[in-house]
Protein chains: 2
Amino acid sequence: MLPSSTVENYLKAIYVGETHLVGGQKLVPMGQLASALGIAPGTATTMVKALAESGLVTYEPYNGVRLTSAGEKLAARVLRRHRLIELFLVQVMGMNWDEVHEDAEQMEHVVSDRLIERIDEMLGRPEFDPHGDPIPNAEGQLAERALESLLTCPLNTPVTVARVTDQDAAFLRFIESHHLKPGQTIEVEERDEVSDSVRLKGKDDQRMTIGARAASKLLVSSRA
Amino acid sequence: MLPSSTVENYLKAIYVGETHLVGGQKLVPMGQLASALGIAPGTATTMVKALAESGLVTYEPYNGVRLTSAGEKLAARVLRRHRLIELFLVQVMGMNWDEVHEDAEQMEHVVSDRLIERIDEMLGRPEFDPHGDPIPNAEGQLAERALESLLTCPLNTPVTVARVTDQDAAFLRFIESHHLKPGQTIEVEERDEVSDSVRLKGKDDQRMTIGARAASKLLVSSRA
DNA sequence: ATTATAATTTTGATTGCTCAAAATCACTTG
DNA sequence: CAAGTGATTTTGAGCAATCAAAATTATAAT
Ligand SMILES: [Mn+2]
Ligand SMILES: [Mn+2]
Ligand SMILES: [Mn+2]
Ligand SMILES: [Mn+2]
């Protein structure tokens with residue numbers, strides 16, 4: 001019995017939820033899962049109990065949920081599809097990086113393994129999607145990189161934008177129009193706690209100031 | 001409220017069912033619809049009543065069902081997607097014509113209008129899919145052709161294979177291996193009622209004999 | 001240690017889609 | 001035309017996924 005689209009979405013949400021865990025956290029809270037999926041909290045509880053029943057997750061009431069190895073394997077597979085499809089739509093179909101998320105969100109559940117393999121091959125076994133998100137390989141492993149956000153990277157040092165952790169179309173268009181897409185080289189010139197902002201030197205030494213919240217979504221690698 | 005995948009499949013099945021109607025038939029029988037969709041007859045009845053309620057079909061109890069203009073518009077849209085996707089998978093992704101139907105069956109429900117437009121453009125506004133099935137244009141109109149089957153076309157006259165009306169993978173592979181794909185030129189040399197078979201002259205004057213049932217699925221145009 | 005607050009779970013219900021089996025209807029055949 | 005056959009509809013049920021609102025639990029504040 002193959003997992004439904006709903007189950008796949010749950011597993012994927014738990015997977016990315018786990019990567020966002022801070023400190024000694026081992027479980028994704030129910031509330032976070034529910035809001036990530038845009039469903040009522042009670043629905044998440046019911047569904048997660050069913051997932052636990054089928055051995056895809058471990059569920060600790062009032063604490064949260066985490067994937068079993070079986071669940072993680074499935075989740076990585078869905079995430080792999082999602083990101084390969086996104087890259088395909090940009091690279092081959094010429095779509096914009098701000099409009100591929102919705103399509104991928106649906107297609108990830110229906111494309112055959114055969115087609116995914118074609119796509120992967122056609123793209124040259126890519127490791128990252130258009131937003132810099134890592135693409136799990138066929139075995140579910142993903143290439144990890146040591147990245148810092150614009151809030152923590154060294155000042156006045158060339159860094160390369162590597163990842164944008166927000167799929168919002170308006171935000172992505174903003175990033176693009178300011179030449180801050182992955183691959184671009186920039187420098188953080190100043191951070192101001194009081195004004196909650198970060199000043200950047202971008203392409204052609206263009207200066208710009210963005211809010212800390214936006215800055216936290218831009219991940220860079222410290223090698224120019 | 002946009003139609004579900006289920007509703008889209010019903011509408012599409014009724015649409016193609018209507019094209020297969022013979023004589024003065026105006027309605028698709030419930031049984032035929034049910035078996036085309038692989039569901040129980042009672043399920044079809046219930047669903048069709050709901051479709052009639054939403055104005056997508058006209059339902060005459062014990063007689064059958066036909067699309068309203070609203071239903072036909074939606075059905076043509078789904079069929080357009082299906083066939084464009086099939087052609088895309090063959091032409092661009094290099095998949096085989098016998099393995100694209102299943103993928104298209106799922107993808108037809110989820111790809112965005114934007115992506116379909118890209119595909120249509122990339123393929124040069126094609127009129128026929130890999131099996132020779134006509135692709136409805138953006139307005140829902142489809143290019144009709146006067147085709148005959150191998151059971152009715154003139155004897156000893158060059159004809160061009162134009163369409164194969166069976167999606168079965170094994171059958172399609174057979175057709176391909178015998179060089180009978182759409183575009184190929186052949187001749188019917190003899191029909192034998194008793195042995196229920198048809199003898200063909202194909203590529204490189206290769207002779208072959210196929211059953212009448214298979215022959216009825218090969219549609220040709222009488223101009224070589 | 002109570003008490004308040006926030007998160008989570010439980011409860012009861014709904015919707016969409018499905019099936020099996022019984023009932024009904026339409027048509028053919030004797 | 002009566003009977004039988006096959007197609008169709010009705011009935012009763014179930015499953016997956018969802019919500020709103022009430023009940024419960026955990027945690028933080030007084
Ligand atoms: Mn999804
Ligand atoms: Mn992405
Ligand atoms: Mn379909
Ligand atoms: Mn086709």
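- Scored by the ring pair (Phe, Tyr, Trp, His ring centres under 6.0 Å) test, His20(B) finds no partners at all (sequence neighbours excluded).
- Defined by atom type and a distance below 3.5 Å, a donor-acceptor pair is missing between the side-chain atoms of Asp192(A) and Ser197(A).
- Residue pairs satisfying the ring-ring contact (aromatic ring centres under 6.0 Å, His included) criterion with at least one member in residues 56-90 of chain A, sequence neighbours excluded, are listed as follows: His82(A)-His101(A).
- Atoms CD and CE, from Glu117(A) and Met93(B) in turn, are 10.0 Å apart once rounded to the nearest 0.5 Å.
- For Arg83(B) (side chain) and Pro134(B) (main-chain N/O), a donor-acceptor pair under 3.5 Å exists by modelled atom type.
- For the pair Thr68(A) (side chain) and Gly71(A) (backbone), a donor-acceptor distance under 3.5 Å is present.
- Lys49(B) has a side-chain polar atom (N or O) that falls below the 4.0 Å cut-off from OP1 or OP2 of dT10(D).
- For the pair Met1(B) CE and dT18(D) C1', the computed distance is 17 Å after rounding to whole Å.
- In this structure, Phe174(A) and Phe171(A) have parallel ring planes: the angle between them is below the 30° cut-off, well short of the 60° mark.
- For the pair Glu60(B) CD and dT8(D) C1', the computed distance is 14 Å after rounding to whole Å.
- Applying the 6.0 Å contact sphere to NZ of Lys217(B) captures more than 12 heavy atoms from other residues, nucleotides or ligands.
- Residues of residues 15-24 of chain A that place a heavy atom closer than 4.0 Å to DNA chain C do not occur.
- Within residues 27-34 of chain B, the residues that place at least one heavy atom under 4.0 Å from DNA chain D are, in residue-number order, Pro29(B), Met30(B), Gly31(B).
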Considering only nitrogen or oxygen atoms on both sides, find all protein atoms under 3.5 Å from nucleotides 21-27 of chain C and state each distance.
residue: dC25(C); atom: O4'; partner: Tyr62(B); partner atom: OH; Å: 3.4

Report each atom pair, protein N/O against N/O of nucleotides 15-18 of chain C, whose distance is under 3.5 angstrom.
residue: dC17(C); atom: OP1; partner: Ser4(B); partner atom: OG; Å: 2.5
residue: dT18(C); atom: OP2; partner: Tyr10(B); partner atom: OH; Å: 3.4

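- Remark: side-chain polar atoms of Ser54(A) are not paired, donor with acceptor, to backbone N or O of Leu56(A) under 3.5 angstrom.
- Residues Asn9(A) and His109(A) bring a donor and an acceptor atom of their side chains to less than 3.5 Å of each other.
- Within a 6.0 Å sphere centred on CZ of Arg145(B), heavy atoms belonging to other residues, nucleotides or ligands number more than 12.
- With 3.5 Å as the limit, one finds no donor-acceptor pair spanning the side chains of Ser112(B) and Glu102(A).
- With hydrogens and angles ignored, the 3.5 Å screen pairs no side-chain donor or acceptor of Arg163(B) with any backbone N or O of Leu147(B).
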